[in-house]
Amino acid sequence: MPPKSQTDDHGISPAAPHPPNETVTPTGTAEAAETAETAGAAGAAETAGAAGAAETAGAAGAAGAAETAGAVTPVTPAGAAEVVTPDTPDTPAEAVTPLLRGVAVLRRLTEADGTLSPSALERATGLARSTVDRITATLARMGYVRLDGRDVTLAPRLMELGNAYLAALRLPALLAARADALADELDESVSLAVGDRDGIRFIHQATRRRAMSLSFRIGDLLPAERTAPGPLFAAEWTDTDWHRWRSRRAADPEDRTFPAVPRRELPSGGEDFAERAARASRDGWSLDDQLIEPGLVAVAVPVRDPRTGRVACVASVVSHTSRHTADDLRDTLLPRLRSAVAEMERALREAPAPEPAPAPAGLATWTGASKQELGREFVESLARGLTVLTAFGEGRAALTLTEVAKATGLARATARRALITYEHLGLVAPGPDRTFALTPRVLDLGFPPLSRTSLPQIATPHLAALADRVHESASLAVLTEAGDEIQYTARVATSRVMSVNITVGTRLPAYATSLGRVMLADVPPARRPPATVPPLTPHTMTDPAALTDALDAAREQGYALVNEELEEGLRSIAVPVRDRTGRVVAAVNVAMHAARRTVEACVTEILPELRETAAGIEGDLRVAGRFMGVGQG
């Protein structure tokens with residue numbers, strides 16, 4: 001996979017312009033920016049098409065020609081967005097064909113909740129099977145998908161694309177804690193959403209865990225007219241926006257193109273939506289009284305950009321009619337919501353200017369090396385195109401073509417064609433001073449299904465690879481709340497006549513296990529549970545002073561090895577798993593019969609593999625946990 005992007009650090013740029021409600025039609029803004037930015041023969045050569053020749057010859061070569069030859073007529077399944085391919089009539093001539101197809105594959109996987117077989121992708125995208133195979137092989141090399149037997153599955157590292165948008169936007173980093181606090185205070189779900197053309201898209205969710213709880217995810221797109229935030233955004237729509245909304249309503253009266261919501265059972269023209277928008281503009285708040293589905297109610301208030309006075313995002317409190325009617329929300333919760341929004345707006349006003357995080361480095365070199373290694377199975381122009389999205393982020397909300405090329409290490413010609421492609425797809429929008437900014441549509445690339453990823457889901461593929469390499473069972477565990485036990489949350493077993501028989505959910509004494517010791521080593525001594533362990537075997541360490549010394553050694557060495565203390569004949573070695581703050585949140589281990597490896601062999605043979613596995617889990621956890629909490633169970 002590519003070198004770790006450094007766009008996933010804390011902080012969001014206050015200068016990040018909110019992408020305009022309308023995506024400019026793809027008439028070559030990137031090309032115009034290139035022409036304006038470049039003087040003399042070099043710019044003219046690029047505009048005349050030298051860039052395209054360089055891209056084809058240097059990046060894709062014969063593979064690019066095979067891609068074009070492998071295309072078939074696209075098929076659009078019911079309820080799915082249109083597949084954009086070079087065959088689409090309005091596709092710019094300089095759009096990058098493999099990039100169009102790669103985005104289509106990612107969107108289809110997102111709509112399918114993260115997993116499809118290659119055959120299903122072939123049907124959903126209308127691409128040839130050989131093309132699907134090359135695209136998915138490239139995405140797997142980037143760490144964006146996993147090839148699990150007969151399925152293609154989205155991988156957590158793909159979230160770095162959505163993270164780039166959220167980082168540039170700044171709003172989640174500045175407002176999420178206040179939304180979470182409001183949810184705790186009201187004991188109701190609280191959402192933050194931005195406008196996305198004629199819909200609304202969630203950028204933060206603080207959800208209450210109940211039998212009936214909100215199922216929307218970060219990145220989900222909803223039709224504006226069926227939500228509480230929608231009228232507040234529509235109050236600022238232009239005539240063009242309203243025309244687009246009416247066209248969409250006429251073409252899709254059942255909301256089939258919004259997979260996150262139930263189909264509209266009684267299609268209507270939405271004639272009252274304009275009235276709701278006018279009322280929301282007048283009142284400064286809006287209600288959703290069971291517009292999405294029976295029982296779901298919400299009240300929303302706009303959070304305004306202090307620089308422009310326009311709606312930056314909308315905060316909503318969401319409930320169920322078993323707890324609140326819509327009138328109850330207005331009368332009892334709206335005042336507190338307004339107070340919280342006032343605090344959010346003050347946070348935006350007082351936010352310091354961001355310190356730009358380092359741009360991702362070495363990506364162009366990595367893609368070239370991958371092409372050399374994998375040959376035609378690696379679609380270099382797709383990989384390079386996707387790296388363009390990672391150029392944006394904290395302190396880099398709006399970039400010129402030159403800045404994009406510099407941040408990624410790509411040639412200007414390559415970056416320019418990628419921007420032309422993304423503008424056509426609605427993933428970037430032009431801004432002032434020949435800049436470009438990401439739009440909320442970037443969250444369409446895998447973020448909704450991946451935003452519910454748990455730590456066991458992240459860890460399991462890594463554990464499977466570890467077990468395959470060392471031919472022993474591998475496990476992930478967490479400390480229980482009391483700290484005196486561990487609980488297994490993920491496990492991959494190997495097939496042996498004699499193997500360690502432990503299942504997910506099993507609890508064991510923390511002090512008598514390698515997993516427990518390596519996690520307790522990170523707990524301050526004053527907060528550790530009493531070091532009292534019953535003798536489980538003749539080898540069990542029970543002396544409190546000796547146990548404290550063992551924890552100190554585990555912290556210093558970075559691993560713990562337990563030899564026949566839990567059960568005679570059982571030997572295990574474990575390393576910690578840390579989150580993006582450096583806190584130990586789990587541990588991984590390999591357990592085996594003592595006859596199969598000596599203590600020394602565990603350290604020399606198993607420990608390096610364990611550390612590599614933990615590093616892989618931590619890398620995915622850093623990406624997945626940047627703008628959302630990752631569940632441990």
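None of these values were measured; they are calculated from a predicted model. If you read the sequence from its start, that first residue is 1, and numbering goes on from there.
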Problem set entry | Test side chain to side chain contact (heavy atoms under 4.5 Å, CB included) applied to Ile617 and Leu455, step by step | CA-CA 8 Å; Ile617 296 171; Leu455 180 54; 4.1 Å; yes

For this session: Give a yes-or-no answer on whether the side chains of Glu485 and Thr480 include a donor-acceptor pair shorter than 3.5 Å.
Result: no

Exercise. Would you call Arg201 and Asp444 a salt bridge, using N to O less than 4.0 angstrom?
Worked result: yes

For this session: Using the side chain to side chain contact (heavy atoms under 4.5 Å, CB included) rule, take Phe202 and Leu222 through it: C-alpha gap first, then chi angles, then the decisive distance, then the call.
Result: CA-CA 9 Å; Phe202 293 114; Leu222 277 61; 3.6 Å; yes

For this session: State which residue, out of Val590, Asn589, Val492, fulfils the side chain to side chain contact (heavy atoms under 4.5 Å, CB included) condition with Leu466.
Result: Val590

Exercise. Between Thr125 and Arg108, is any side-chain donor less than 3.5 angstrom from a side-chain acceptor?
Worked result: no

Problem set entry | Straight-line distance of Ile203 CD1 to Leu171 CG, nearest 0.5 Å | 5.0 Å

For this session: Work out which heavy atom in Ala167 is nearest to a heavy atom in Arg626; give both atom names and the distance.
Result: CB-NH2, 3.4 Å

Exercise. Should Leu121 and Val152 count as side-chain neighbours, where that means a heavy-atom distance under 4.5 Å?
Worked result: yes

Exercise. Within the distance-only criterion (no hydrogens, no angle test), does the side chain of Asp328 pair as donor or acceptor with the backbone N or O of Thr325 below 3.5 angstrom?
Worked result: yes

For this session: State whether the side chain of Arg263 and the backbone N or O of Arg256 hold a donor-acceptor pair below 3.5 Å, judged by distance alone.
Result: no

Seminar exercise, completed: Partner of Val584 under side chain to side chain contact (heavy atoms under 4.5 Å, CB included), picked from Leu479, Asp522, Asp579, is Asp522

Problem set entry | Side-chain touch Pro98/Arg101, heavy atoms, less than 4.5 angstrom | no

Problem set entry | Atom CD of Glu481 with >12 non-hydrogen neighbours under 6.0 angstrom | no

Exercise. How far apart are the C-alpha atoms of Trp285 and Leu337, what are their side-chain angles, what is the distance that settles it, and do they pass the side chain to side chain contact (heavy atoms under 4.5 Å, CB included) test?
Worked result: CA-CA 10 Å; Trp285 55 273; Leu337 174 58; over 6 Å; no

Exercise. Do the non-hydrogen side-chain atoms of Glu122 and Leu127 ever get within less than 4.5 Å of each other?
Worked result: no

Exercise. Parallel, tilted or perpendicular for Trp366 and Phe378, by the 30°/60° rule?
Worked result: perpendicular

Problem set entry | Flag for Arg469-Thr613: side-chain donor and acceptor within less than 3.5 Å | yes

Exercise. Going from CG on Leu443 to CE on Met159, what distance comes out if it is rounded to the nearest 0.5 angstrom?
Worked result: 9.5 Å

Exercise. Considering only heavy atoms from C-beta outward, does the side chain of Tyr488 approach that of Thr503 to under 4.5 Å?
Worked result: no

Exercise. So, do Met344 and Leu192 sit near enough that their side-chain heavy atoms are less than 4.5 Å apart?
Worked result: yes

For this session: Would you confirm whether Thr138, through its side chain, and Val379, through its main-chain N or O, come within 3.5 Å as a donor-acceptor pair?
Result: yes

For this session: Please tell me if the side chains of Thr110 and Pro448 come closer than 4.5 Å, counting only heavy atoms from C-beta onward.
Result: yes

Problem set entry | Separation between CG of Leu182 and CZ of Arg336, rounded to the nearest 0.5 Å | 5.5 Å

Seminar exercise, completed: Arg146 meets the side-chain contact (heavy atoms from CB on, under 4.5 Å) criterion, sequence neighbours left out, with Asp148, Thr153, Ala155, Pro156, Pro461

Exercise. Would you say the side-chain atoms of Asp252 pair up with the backbone N or O of Thr257, donor to acceptor, closer than 3.5 Å?
Worked result: yes

Exercise. Taking atom CG of Asp255 and atom CD1 of Ile292, what is their separation to the nearest 0.5 Å?
Worked result: 10.0 Å

Exercise. For the residue pair Pro253 and Arg264, what are the closest heavy atoms and their distance?
Worked result: O-NE, 3.3 Å

Problem set entry | Test: Arg217 and Asp113 ion pair at under 4.0 Å | yes

Exercise. So, does Arg396 use its side chain to make a donor-acceptor pair with the main chain of Ala391 at under 3.5 Å?
Worked result: yes

Problem set entry | Contact check, side chains of Phe216 and Val261, non-hydrogen atoms, under 4.5 Å | yes

For this session: Quick one: closest heavy-atom pair of Glu160 and Thr390, and the distance?
Result: OE2-CG2, 4.1 Å

For this session: Using the side chain to side chain contact (heavy atoms under 4.5 Å, CB included) rule, take Phe392 and Val442 through it: C-alpha gap first, then chi angles, then the decisive distance, then the call.
Result: CA-CA 11 Å; Phe392 298 84; Val442 174; over 6 Å; no

Seminar exercise, completed: So CZ of Phe447 and CG of Asn163: to nearest 0.5 Å the spacing works out to 5.0 Å

Problem set entry | Minimum-distance pair of heavy atoms, taken over all atoms of Ser475 and Leu515 | O-CD2, 4.4 Å

Seminar exercise, completed: In this structure, CG of Leu520 is separated from OG1 of Thr513 (nearest 0.5 Å) by 8.0 Å

Exercise. Side chains of Arg107 and Leu445: closer than 4.5 Å at any heavy-atom pair?
Worked result: yes

Exercise. What are the two closest non-hydrogen atoms of Pro229 and Ser316, and how far apart are they?
Worked result: CG-OG, 3.3 Å

Exercise. What heavy-atom pair brings Asp180 and His204 nearest, and what distance separates the two atoms?
Worked result: OD1-NE2, 2.7 Å

